[in-house]
Amino acid sequence: MLEEVERWLGRRSWSVADRPLERILAAKRNTKVSVVLPALNEEATVGDIVAVIRRELMSEAVPLVDELVVIDSGSTDRTAEVAAAAGARVVARDAILPRIPAVPGKGEVLWRSLMVTSGDVVCFVDADLRDFSADFVSGIVGPLLTDPDIDFVKAMYDRPFGDTPGQGGRVTELVARPLLNLHWPQLAGFVQPLGGEYAARRPLLERLPFPVGYGVELGLLVDALHTVGLDALAQVDVGVRKHRHQDGRALGRMAAAIYRTAQLRLSRGHLVRPWLTQFERGEKGFEPRTYAVDTEERPPMAEIVEYARRRVA
């Protein structure tokens with residue numbers, strides 16, 4: 001590990017206990033905090049997450065979160081209804097920036113969320129978390145409110161796989177961590193580089209392109225490094241993350257998108273073929289299934305005319 005990264009780990013890695021809520025609230029002052037949950041068919045978990053944030057971080061006693069928005073990206077279950085009943089403002093993905101046709105993908109939803117939120121600090125939280133703790137929000141928002149030199153904070157945590165501790169994050173260990181260590185060694189200190197829980201200052205998010213799919217976490221992390229430098233990035237230990245695990249084929253598609261995102265950042269010249277073929281056993285043996293790898297990216301939100309008009313207004 002680079003000496004620079006070793007020093008960074010000592011200066012920019014914390015536990016949620018390092019910043020009590022009282023200290024965070026005292027530092028908040030007039031800073032507005034938005035929490036965004038991207039959601040697709042998450043009726044089983046989204047309501048509990050919203051309820052915890054409303055109860056523990058949006059009360060008169062603890063007014064940490066000012067805005068809680070669920071972006072529904074085309075759910076066919078009761079995600080929107082459950083989230084609204086729990087107290088979130090629910091916005092349909094396709095209702096945001098209708099001039100630009102939406103494409104499937106988590107990054108697409110995160111990018112569009114900047115249009116319908118107003119917080120100076122924006123915190124993203126996945127909507128499939130179980131046994132959710134408010135620490136996931138307060139932990140990663142805390143450094144942004146207490147330290148003006150921090151611009152981007154990721155959560156770190158244990159990820160059990162079923163009953164086995166520490167075996168989650170297979171794409172992280174097999175794809176993302178090797179890529180970062182080989183090509184962006186300054187980022188080798190991040191425990192969960194692909195984690196979906198992170199917070200950033202709006203002016204930084206406005207300047208970053210957003211990969212529309214699974215590559216969004218790696219893309220934002222790499223681009224944040226190049227935009228503001230390692231010392232403006234941080235991570236906070238928030239405990240244990242429990243969520244729904246993807247099957248092997250879905251992980252393969254995720255891995256391909258992440259590799260593609262990294263490859264785009266390594267070279268804007270020759271590109272690898274953006275397709276992935278996987279195999280499933282059918283009636284006549286193994287049958288190929290070919291999927292397009294996410295290749296599209298959204299430009300920095302600061303370049304979108306509707307966003308600029310909103311800022312002026």
Side-chain angles (χ1 to χ4, degrees), residues 12-28 31 33-39 42-71 79 82-83 85-89 106 110 113 117 119 121-147 150 152-169 172 190-200 217 234-246:
R12 294 294 191 241
S13 292
W14 298 291
S15 164
V16 66
D18 291 334
R19 288 177 176 80
L21 268 174
E22 295 78 9
R23 178 185 170 194
I24 297 172
L25 289 170
K28 184 176 185 286
T31 304
V33 175
S34 298
V35 174
V36 172
L37 276 67
E42 303 294 357
E43 67 174 355
T45 50
V46 68
D48 289 340
I49 297 172
V50 169
V52 168
I53 295 172
R54 292 279 305 181
R55 182 177 65 249
E56 299 187 23
L57 300 177
M58 300 182 74
S59 67
E60 233 180 89
V62 186
L64 179 63
V65 173
D66 302 283
E67 185 175 45
L68 176 55
V69 182
V70 170
I71 309 294
T79 290
V82 169
R89 176 163 64 96
K106 178 183 178 182
L110 300 184
S113 75
T117 55
V121 168
V122 182
C123 173
F124 299 120
V125 175
D126 281 350
D128 66 342
L129 302 188
R130 295 183 287 110
D131 300 332
F132 178 77
S133 166
D135 288 349
F136 275 76
V137 174
S138 60
I140 56 178
V141 166
L144 295 165
L145 298 177
T146 60
D147 191 333
I150 301 295
F152 188 98
V153 183
K154 295 216 68 156
M156 55 177 167
Y157 32 66
D158 294 314
R159 293 185 66 183
F161 185 66
D163 295 327
T164 306
Q167 294 299 310
T172 293
F190 277 93
V191 175
Q192 296 292 352
L194 299 185
E197 290 69 47
Y198 47 100
E217 271 80 32
Q235 60 184 350
V236 176
D237 186 349
V238 297
V240 179
R241 184 186 198 267
K242 298 179 182 179
H243 67 114
R244 182 185 67 253
H245 291 281
Q246 304 273 11

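We number each residue from 1, following the sequence as shown.
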Discussion item. Looking at every heavy atom in both A200 and L144, which two are closest together, and how far apart are they?
Written reply: N-CD1, 3.7 Å
Practice prompt. Measure the spacing between OG1 of T117 and CG of L68 and express it to the nearest 0.5 Å.
Written response: 11.5 Å
Practice prompt. May I have the step-by-step check of side chain to side chain contact (heavy atoms under 4.5 Å, CB included) for L37 and D126, ending in yes or no?
Written response: CA-CA 6 Å; L37 276 67; D126 281 350; over 6 Å; no
Worksheet, complete the sentence: Here the gap from I49 atom CD1 to F136 atom CZ, rounded to the nearest 0.5 Å, amounts to 9.5 Å
Worksheet item: Taking all non-hydrogen atoms of both residues, which atom of P38 and which atom of K106 are closest, and how far apart?
Response: CG-CE, 4.3 Å
Worksheet item: Run the side chain to side chain contact (heavy atoms under 4.5 Å, CB included) check on D131 and S133 step by step: do they pass?
Response: CA-CA 7 Å; D131 300 332; S133 166; over 6 Å; no
Worksheet item: When you look at R241 and D158, which way does the side chain to side chain contact (heavy atoms under 4.5 Å, CB included) test go after all the steps?
Response: CA-CA 6 Å; R241 184 186 198 267; D158 294 314; over 6 Å; no
Worksheet item: At their closest point, which heavy atom of L25 faces which heavy atom of A61, and how far apart are they?
Response: CD1-O, 4.1 Å
Practice prompt. Mind listing the closest non-hydrogen atom pair of G139 and V238 along with its distance?
Written response: CA-CG1, 4.4 Å
Worksheet item: Taking all non-hydrogen atoms of both residues, which atom of L145 and which atom of A27 are closest, and how far apart?
Response: O-CB, 3.3 Å
Response to the item:
Rounding to 0.5 Å, atoms OG (S34) and CZ (F124) come to a distance of 9.5 Å
Discussion item. So, using side chain to side chain contact (heavy atoms under 4.5 Å, CB included) as the criterion, who are the partners of D147 when residues are at least two apart?
Written reply: R12, D149, I150
Worksheet item: Between atom CZ of R23 and atom OG1 of T146, what is the distance when rounded to the nearest 0.5 Å?
Response: 4.5 Å
Practice prompt. State the CH2-CG distance between W14 and D237, to the nearest 0.5 angstrom.
Written response: 13.0 Å
Discussion item. Quick check for you: to the nearest 0.5 Å, what is the distance between T79 atom OG1 and I71 atom CD1?
Written reply: 13.0 Å
Discussion item. Given L57, which partner from the list I24, L21, V35 fulfils the side-chain contact (heavy atoms from CB on, under 4.5 Å) test?
Written reply: L21
Worksheet entry | Closest heavy-atom pair and its distance - G47, A86 | O-CB, 3.5 Å
Worksheet item: With sequence neighbours left out, what residues match V191 under side chain to side chain contact (heavy atoms under 4.5 Å, CB included)?
Response: M156, Q235
Discussion item. Counting C-beta onward and ignoring hydrogens, is there a side-chain heavy-atom pair between F132 and V52 closer than 4.5 Å?
Written reply: yes
Worksheet item: Under a 4.0 Å N-O cut-off, is there an ion pair linking E197 with K154?
Response: no
Worksheet item: Which residues satisfy the side chain to side chain donor-acceptor pair (under 3.5 Å) test with T31, sequence neighbours excluded?
Response: none
